[in-house]
Undergrad: 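Handing you a structure now.
The analysis underlying the following values was restricted to heavy atoms, covering all of them including side chains, and did not include hydrogens, waters or symmetry mates. Everything numeric here is computed off the predicted structure, so don't read it as measured data.
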Amino acid sequence: MPKRFVISVMSFLAVFMLSLLAHAQKGEFARQPGAVYDADKKGETPMPAPRHDISGIWETAKTASDGVQATGPKAMPSDGKPEHELPYTPLGRKAFLLNKPTFGVTEVAAAYTNDPVPGCDPQGFPRILLHNFRTSEIVQTANQVLILYEFNRKWRVIWTDGRRLPQNPDEPRWTSNDPPESRWWGYSTGKWLDDYTFVAESNGFDDRSWLDNVGRPHSNALHVIEQYHRVDRDHLQISVTKTSR
């Protein structure tokens, strides 16, 4: 049976604006080699977005460090402010306090952390987006969207062949050929909402993973919704919403 303990109603949003990787001018801010940022193209009007196409090598649009979120998603940091507190159930609050991150309001010294990543467990999704999001490549095939996270050398598969997410998050979806870390990344399906917006949904997560770098927990009923909106030729906006149902 799925464990539904983390929050009664939980939804928070992370938004990234990405730009296509290309040759760029030198700047006074952190940058990836070969990347182009909005500051490099001031005054230029981007070409229109292609239809049904989010492929390319993408970099955060402001600076290389814009996706680094050590204290949690920028829209919901772990800073002690009431408006950034998640609506945990009592059991969810207990789970949060049992996690010992090295950042945020419950941070501990590195020697006392129980963060799964230093112990060589996978970072998993959505934490890979909500902690240290760097250069990524999106590849589209006839029945899949592949996302290659180059900084961590990880990848995800989003199925676009019409299949639905299984109703039971514990239903087996992986074969013996899949790596053992698959459940840390969830199982994902996607479709086009319109000519310029691709939406993916994921479930089936291992509840040992953390949502972000500050130890926010989730149950195995976690349901993640991603939206990829191609604003123009050079920009892709990503939003991430997470719910536990």
Side-chain angles (χ1 to χ4, degrees), residues 10-22 35-38 46-62 66-67 69 73-76 123-167 169 173-174 182-205 211-212 218 222-245:
M10 183 246 201
S11 176
F12 68 84
L13 186 68
V15 178
F16 301 94
M17 184 68 79
L18 309 184
S19 60
L20 277 172
L21 197 66
V36 60
Y37 300 95
D38 284 352
M47 297 291 288
R51 291 183 171 87
H52 284 204
D53 186 1
I54 57 172
S55 63
I57 301 176
W58 298 94
E59 174 74 14
T60 48
K62 291 183 179 180
D66 196 43
Q69 304 166 98
K74 292 181 178 180
M76 195 68 68
Q123 186 177 38
F125 177 79
R127 184 175 176 179
I128 197 167
L129 286 181
L130 302 179
H131 171 209
N132 201 346
F133 182 50
R134 305 291 186 114
T135 308
S136 300
E137 182 172 3
I138 299 178
V139 179
Q140 293 175 227
T141 73
N143 60 0
Q144 298 171 327
V145 168
L146 309 174
I147 304 182
L148 314 177
Y149 302 103
E150 296 185 2
F151 183 77
N152 291 280
R153 291 181 171 85
K154 300 295 183 181
W155 71 92
R156 293 173 54 222
V157 176
I158 302 173
W159 293 97
T160 58
D161 55 2
R163 71 183 70 185
R164 295 184 178 182
L165 286 181
Q167 295 300 305
R173 275 146 284 181
W174 295 277
S182 295
R183 286 188 64 91
W184 294 76
W185 301 93
Y187 187 87
S188 305
T189 63
K191 63 182 180 181
W192 288 95
L193 190 63
D194 56 41
D195 285 345
Y196 307 104
T197 307
F198 178 78
V199 175
E201 298 188 52
S202 305
N203 69 1
F205 294 95
L211 289 175
D212 53 25
H218 64 84
L222 176 67
H223 181 208
V224 180
I225 301 173
E226 303 158 80
Q227 181 170 288
Y228 296 79
H229 178 63
R230 190 75 180 259
V231 179
D232 51 46
R233 186 195 64 180
D234 299 333
H235 292 91
L236 178 69
Q237 186 181 57
I238 304 175
S239 64
V240 184
T241 305
K242 300 170 293 302
T243 62
S244 289
R245 301 187 293 184

Undergrad: Just to verify, what does Arg233 make a salt bridge (Lys or Arg N to Asp or Glu O under 4.0 Å) with, not counting sequence neighbours?
TA: none
Undergrad: Applying salt bridge (Lys or Arg N to Asp or Glu O under 4.0 Å), can you list everything that pairs with Asp53, at least two apart in sequence or on another chain?
TA: none
Undergrad: Side chains of Ile238 and Phe133, heavy atoms from C-beta outward: is any pair under 4.5 Å?
TA: yes
Undergrad: Would you confirm whether Glu150, through its side chain, and Thr135, through its main-chain N or O, come within 3.5 Å as a donor-acceptor pair?
TA: no
Undergrad: Go through the steps to decide whether Phe205 and Arg183 satisfy the test side-chain contact (heavy atoms from CB on, under 4.5 Å), and finish with yes or no.
TA: CA-CA 5 Å; Phe205 294 95; Arg183 286 188 64 91; over 6 Å; no
Undergrad: Check whether any side-chain heavy atom of Trp155 lies under 4.5 Å from a side-chain heavy atom of Trp185, and answer yes or no.
TA: no
Undergrad: Asp66 versus Lys74: any side-chain heavy-atom pair under 4.5 Å?
TA: yes
Undergrad: Looking only at non-hydrogen atoms, find the nearest pair between Ala49 and Tyr196 and report the distance.
TA: O-CE2, 3.3 Å
Undergrad: Quick check against the 3.5 Å criterion: does Gln69 have a side-chain atom that pairs as donor or acceptor with the backbone of Asp212?
TA: no
Undergrad: Is any side-chain heavy atom of Asp195 closer than 4.5 Å to a side-chain heavy atom of His52?
TA: yes
Undergrad: Just to verify, what does Arg156 make a side-chain hydrogen bond (donor to acceptor under 3.5 Å, both in side chains) with, not counting sequence neighbours?
TA: Tyr149, Ser188, Glu226
Undergrad: Kindly indicate whether the side chain of Trp192, heavy atoms from C-beta on, has any atom under 4.5 Å from the side chain of Ile54.
TA: yes
Undergrad: Decide yes or no for Thr189 and Lys191: does some side-chain heavy atom of the first lie under 4.5 Å from some side-chain heavy atom of the second?
TA: no
Undergrad: Is the ring pair Phe198/Tyr228 parallel, tilted or perpendicular, if the boundaries are 30 and 60 degrees?
TA: tilted
Undergrad: Could you tell me which non-hydrogen atom of Leu130 sits nearest to which non-hydrogen atom of Leu211, and how far apart they are?
TA: CD1-O, 3.7 Å
Undergrad: Judged by atom type as modelled, is there a donor-acceptor pair below 3.5 Å linking the side chain of Ser55 to the main-chain atoms of Ile138?
TA: no
Undergrad: Working to the nearest 0.5 angstrom, can you tell me the gap between Leu236 CG and Glu59 CD?
TA: 13.0 Å
Undergrad: When you measure from the side chain of Gln227 to the backbone of Thr197, do you find a donor-acceptor pair of N or O atoms at a distance under 3.5 Å?
TA: no
Undergrad: To the nearest 0.5 Å, what is the distance between NZ (Lys154) and CD (Gln123)?
TA: 9.0 Å
Undergrad: Do Asp38 and His235 have side chains that approach each other closer than 4.5 Å (heavy atoms only, starting at C-beta)?
TA: yes
Undergrad: Any chance you could measure Leu129, atom CG, to Arg127, atom CZ, to the nearest 0.5 Å?
TA: 12.5 Å
Undergrad: Tell me whether Ser136 contacts the main-chain N or O of Arg134 through its side chain, where contact means a donor paired with an acceptor under 3.5 Å.
TA: yes
Undergrad: Roughly how far apart are Asp234 CG and Tyr37 OH, rounded to 0.5 Å?
TA: 14.5 Å
Undergrad: Can you measure from CD1 (Ile147) to CD (Glu137) and round to the nearest 0.5 angstrom?
TA: 11.0 Å
Undergrad: Quick one: CD on Gln140 to CD1 on Ile158, what's the gap to the nearest 0.5 Å?
TA: 10.0 Å
